[in-house]
Amino acid sequence: MKRSFLEIPVATRDGVFITRYSEKGLAELNFPNSRTSARGAKKEVVPAKIRGWHRVAEAALKNILAGRAPKKFPPLDLAGTDFQKCVWNALQKISFGETKSYGEVAAAIRNPKAVRAVGGACGANPIPVLVPCHRILAANKKIGGFSGGLEWKRDLLAREGVKF
DNA sequence: TCCGTATTGAACT
DNA sequence: AGTTCAATACGGA
């Protein structure tokens with residue numbers, strides 16, 4: 001069974017991001033380039049609950065894009081395996097402007113050897129930016145990869161004041 | 001069960 | 001210093 005998400009666009013100076021909400025929280029976020037947007041504007045009823053989340057999510061997103069640390073995050077409804085959720089949870093513990101290597105993340109979840117699996121989980125991350133998969137660099141401080149495009153990763157890091 | 005992965009560290013040019 | 005290679009954990013087909 002496929003979960004249906006409530007899709008809400010977020011206009012920023014960098015383009016229109018798409019957020020998707022489930023009954024439990026923010027479930028997905030897409031970069032502007034994905035042409036997932038511009039759909040037959042399904043103006044369904046947006047529960048007040050979700051409007052509240054969206055307000056927080058939008059503020060958090062714009063803060064990050066502006067190079068400032070968000071004060072607050074909306075609840076996240078991460079759909080994935082236990083391992084993935086574990087990784088994503090670890091990612092959220094990385095503070096703004098800080099970077100970690102895949103190896104360190106692996107160590108943080110008590111699987112020091114699962115470095116590549118961590119990479120896989122990052123790639124499967126449904127919520128970039130808010131779940132800071134872009135703050136993960138390879139051990140030799142190289143850029144690695146990024147789902148939404150490497151330009152985004154570099155740009156986001158630069159805005160956080162990270163140099164490499 | 002086999003294959004690919006957003007890695008890593010060591011061995012080899 | 002750049003490159004190749006095997007190992008490793010996990011998810012998808």
Side-chain angles (χ1 to χ4, degrees), chain A residues 1-5 7-10 12-37 57-58 60-70 73-164:
Chain A
M1 136 186 163
K2 202 166 168 89
R3 300 197 322 184
S4 80
F5 298 114
E7 196 171 295
I8 306 180
V10 180
T12 71
R13 67 169 206 235
D14 294 290
V16 179
F17 286 70
I18 305 297
T19 56
R20 292 203 180 99
Y21 298 86
S22 73
E23 295 303 313
K24 295 184 183 153
L26 177 61
E28 213 174 301
L29 183 145
N30 293 313
F31 283 99
N33 287 348
S34 316
R35 51 186 66 77
T36 354
S37 58
E58 184 175 6
L61 178 60
K62 287 183 178 175
N63 271 325
I64 292 180
L65 291 177
R68 298 189 66 80
F73 288 91
L76 306 179
D77 180 21
L78 296 168
T81 65
D82 286 337
F83 178 80
Q84 288 172 330
K85 284 189 272 199
C86 201
V87 171
W88 297 333
N89 183 58
L91 291 183
Q92 292 175 68
K93 291 188 313 202
I94 303 175
S95 50
F96 188 88
E98 182 185 351
T99 64
K100 271 189 173 215
S101 72
Y102 290 93
E104 290 192 287
V105 174
I109 61 175
R110 282 178 128 52
N111 281 40
K113 309 228 172 106
V115 286
R116 306 178 60 187
V118 168
C122 283
N125 172 22
I127 314 179
V129 185
L130 259 48
V131 175
C133 46
H134 60 279
R135 300 198 188 124
I136 308 300
L137 301 178
N140 49 342
K141 309 304 186 207
K142 286 197 190 287
I143 201 76
F146 193 60
S147 314
L150 290 180
E151 322 165 356
W152 270 109
K153 184 168 183 176
R154 283 214 306 207
D155 207 15
L156 287 169
L157 287 174
R159 293 183 196 193
E160 296 188 9
V162 177
K163 308 176 182 172
F164 54 91

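Just so you know, these numbers use all the heavy atoms, side chains as well, and skip hydrogens, waters and symmetry mates. Just so we're on the same page: letters track the sequence lines, and every chain starts at 1.
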Task: Verdict with supporting geometry, Phe31(A) and Phe17(A), ring-ring contact (aromatic ring centres under 6.0 Å, His included) - done: CA-CA 5 Å; Phe31(A) 283 99; Phe17(A) 286 70; 5.7 Å; yes

Task: Min side-chain heavy-atom separation Leu26(A)-Arg20(A) under 4.5 Å - done: no

Task: Close approaches to DNA chain B from residues 131-155 of chain A, in residue order (heavy atom, under 4.0 Å) - done: Cys133(A), Ala138(A), Ala139(A), Gly145(A), Phe146(A), Ser147(A)

Open item on the list: Can you list, in residue-number order, the parts of residues 88-107 of chain A that come under 4.0 Å of DNA chain B, counting heavy atoms only?
Closed with: Ser101(A), Tyr102(A), Gly103(A)

Open item on the list: Strictly distance-based, threshold 3.5 Å: is any side-chain N or O of Lys163(A) a donor or acceptor partner for the main-chain N or O of Ala158(A)?
Closed with: no

Open item on the list: If the threshold is 4.0 Å, N to carboxylate O, is there a salt bridge linking Lys62(A) and Asp14(A)?
Closed with: no

- [ ] Report yes if some heavy atom in the side chain of Leu76(A) is under 4.5 Å from a heavy atom in the side chain of Val131(A); otherwise report no.
- [x] yes

Open item on the list: I want to check something: taking the side chain as every heavy atom from C-beta on, are Pro128(A) and Trp152(A) in contact at a cut-off of under 4.5 Å?
Closed with: no

Open item on the list: A quick test of your reading: do over 12 heavy atoms of other residues, nucleotides or ligands sit less than 6.0 Å from CZ of Arg159(A)?
Closed with: yes

Task: Side-chain (Asn30(A)) to main-chain (Thr19(A)) donor-acceptor, under 3.5 angstrom - done: no

TODO: Could you check which residues of residues 156-164 of chain A get a heavy atom under 4.0 Å from DNA chain B? Sort them by number, please.
DONE: none

Task: By salt bridge (Lys or Arg N to Asp or Glu O under 4.0 Å) - contacts of Glu23(A) (at least two apart) - done: Lys49(A)

Open item on the list: So if I define the base as every atom that isn't primed, P, OP1 or OP2, how would nucleotides 7-13 of chain C read as a B/S/- string at a heavy-atom cutoff under 4.0 Å?
Closed with: BBBSS--

- [ ] Look only at the side chain of Lys85(A) and the backbone of Ala79(A), and say whether a donor-acceptor pair between them is shorter than 3.5 Å.
- [x] no

- [ ] Could you tell me whether the side chain of Ser101(A) and the main chain of Glu104(A) form a donor-acceptor pair under 3.5 Å?
- [x] yes

Task: Considering all heavy atoms, the nearest Lys153(A)-Ile143(A) contact - done: NZ-O, 2.8 Å

TODO: Determine the minimum heavy-atom distance between Ala121(A) and Trp88(A), stating which atoms define it.
DONE: O-NE1, 2.9 Å

TODO: Could you pull out the closest heavy-atom pair between Leu130(A) and Pro132(A), with the gap in Å?
DONE: O-CD, 3.4 Å

Open item on the list: Reading 5' to 3' and counting Watson-Crick or G-U wobble pairs with both distances under 3.5 Å, write the dot-bracket notation for DNA chain B, | for bases paired outside the strand.
Closed with: |||||.|||||||

- [ ] Check whether any side-chain N or O of Glu160(A) sits under 3.5 Å from a backbone N or O of Leu157(A) as a donor-acceptor pair, and report yes or no.
- [x] no

